[in-house]
Amino acid sequence: TTADRDGVDRIMEKARNGEIDLVLTAESDRLGRNQYETQGIRNELIKMGVQVNSVKQSKQLYCATCYNPFEDDSGVIMDMVSDVKSHLDLSRIMRNYKVGMAERVRRGLPPGSMGYGLVKTKDEIKEGGARIQNYAWDVDKIKTVKRIVHEYMDLGLGMWKISKRLNEERVLSSDGKVWGRTAIKCLLNNPIYAGQIRYRWKIATTRKGKKTRLIQSSDKWTLSKAVWYDKRLWDYSYFEEIQQTIKQRNAFGGRASGSSALLIGLLKCGYCGYSMFQAHSKRVRDNGDIYVWKGYACGNYCHRGSCRHNGKSQ
């Protein structure tokens, strides 16, 4: 869906250095999925004296010294026809995807990647003889899901702290990697654990010349009851409560709402204006007793060594 690909960049670099005379693809649309982007890439290569051909839409090849793009009219026609065909094929695939995916969601099946802890099982027979895919929860991963929600909702921990705890205990995420704030947020935002499937929850947009997808507000989602609705982990009302908690913390600040110190997120350093962080240190009384001092210290001083020490007692 984009011309910004490593493979294409390497081809163009080799062409500029005069290392290649021919680019051969399985089909013409492998060079670029978009008709206009493909034409742009091909035109740049032709200007550098590089022939572009494909196995399925093959045209006559010339030796490197005999090749003259302005004398190959039939090749130009073949390229235009194959580009238009590829463009129409892609448009048809996208239309079928939208129709098929909407029908899949209506039937209560996940539209794409499944949520953390959800696994496929063997097909089951429904009444009327219709076969549908059955799903179940992975016991170990669901324990992790419930733990994350408990720590966030009941203990008031932030997403960063939850992910740090999971990584310290070597609990892997769904793709076998470490946890991060984004992974925790995606889990908390997913209604799949409430027995609901969301669709059209992302919208395509362009930022800084690159295509991307942004998450829409939940009131714009298309929701459908999942086939595992009877096995849901909690009701949709609790999912809405989680979303409301996320909004509140975003408005006030996760570090402030998740800290045991009263003024975290509010106190600022009087010298540099940076936030004051919670500080702990062991100190010794005059009689030799050791005690723990708790207070606030400048974040610039604690994290970067700049500013100055101006600790304030809690």
*Asks:* Can you give me the closest heavy-atom contact between S163 and R181, atom names plus distance?
*Replies:* OG-N, 4.3 Å
*Asks:* Under a single-linkage definition using a 4.5 Å side-chain heavy-atom cutoff for Ile, Leu, Val, Met, Phe, Trp and Tyr, are Y152 and W160 assigned to the same hydrophobic cluster?
*Replies:* no
*Asks:* Listed by chain and number, what are the ring pair (Phe, Tyr, Trp, His ring centres under 6.0 Å) partners of Y229, not counting sequence neighbours?
*Replies:* none
*Asks:* For the rings on W137 and Y116, is their centre-to-centre separation under 6.0 Å?
*Replies:* no
*Asks:* Do I162 and M153 share a hydrophobic cluster, counting only Ile, Leu, Val, Met, Phe, Trp and Tyr and linking them when any side-chain heavy atoms are less than 4.5 Å apart?
*Replies:* yes
*Asks:* Before accepting this row, confirm whether a basic side-chain N of the pair E103/R106 lies closer than 4.0 Å to the acidic partner's carboxylate O.
*Replies:* yes
*Asks:* My understanding is that only residues two or more places apart in sequence, or in another chain, count here; which of them pass ring pair (Phe, Tyr, Trp, His ring centres under 6.0 Å) with Y296?
*Replies:* none
*Asks:* Are L155 and I242 connected, step by step, through hydrophobic side chains (Ile, Leu, Val, Met, Phe, Trp, Tyr) whose heavy atoms are closer than 4.5 Å?
*Replies:* yes
*Asks:* Indicate if L22 and I11 have the same hydrophobic cluster label, given that clusters are the connected sets of ILVMFWY residues with side-chain heavy-atom separations under 4.5 angstrom.
*Replies:* no
*Asks:* Can you tell me how far apart CH2 (W221) and CZ (R198) are? Round to the nearest 0.5 Å.
*Replies:* 4.5 Å
*Asks:* To the closest 0.5 Å, what do you measure between CE (M12) and CG (D9)?
*Replies:* 8.5 Å
*Asks:* Using the six-membered ring of Y271, assess whether NZ or CZ of R308 lies under 6.0 Å from its centre and within 45 degrees of the ring axis.
*Replies:* yes
*Asks:* Calculate, to the nearest 0.5 Å, the distance between atoms CG and CE belonging to L109 and M101 respectively.
*Replies:* 10.0 Å
*Asks:* So how far is it from K146 NZ to W234 CH2, rounded to the nearest 0.5 Å?
*Replies:* 8.0 Å
*Asks:* May I ask whether V145 and L172 are part of the same hydrophobic cluster, defined by side-chain heavy atoms of I, L, V, M, F, W, Y residues being less than 4.5 angstrom apart, directly or through others?
*Replies:* no
*Asks:* Roughly how far apart are K141 NZ and L187 CG, rounded to 0.5 Å?
*Replies:* 11.5 Å
*Asks:* Salt-bridge test for R147 and E151: reply yes if a basic N is under 4.0 Å from a carboxylate O, no otherwise.
*Replies:* yes
*Asks:* Listed by chain and number, what are the ring pair (Phe, Tyr, Trp, His ring centres under 6.0 Å) partners of Y199, not counting sequence neighbours?
*Replies:* none
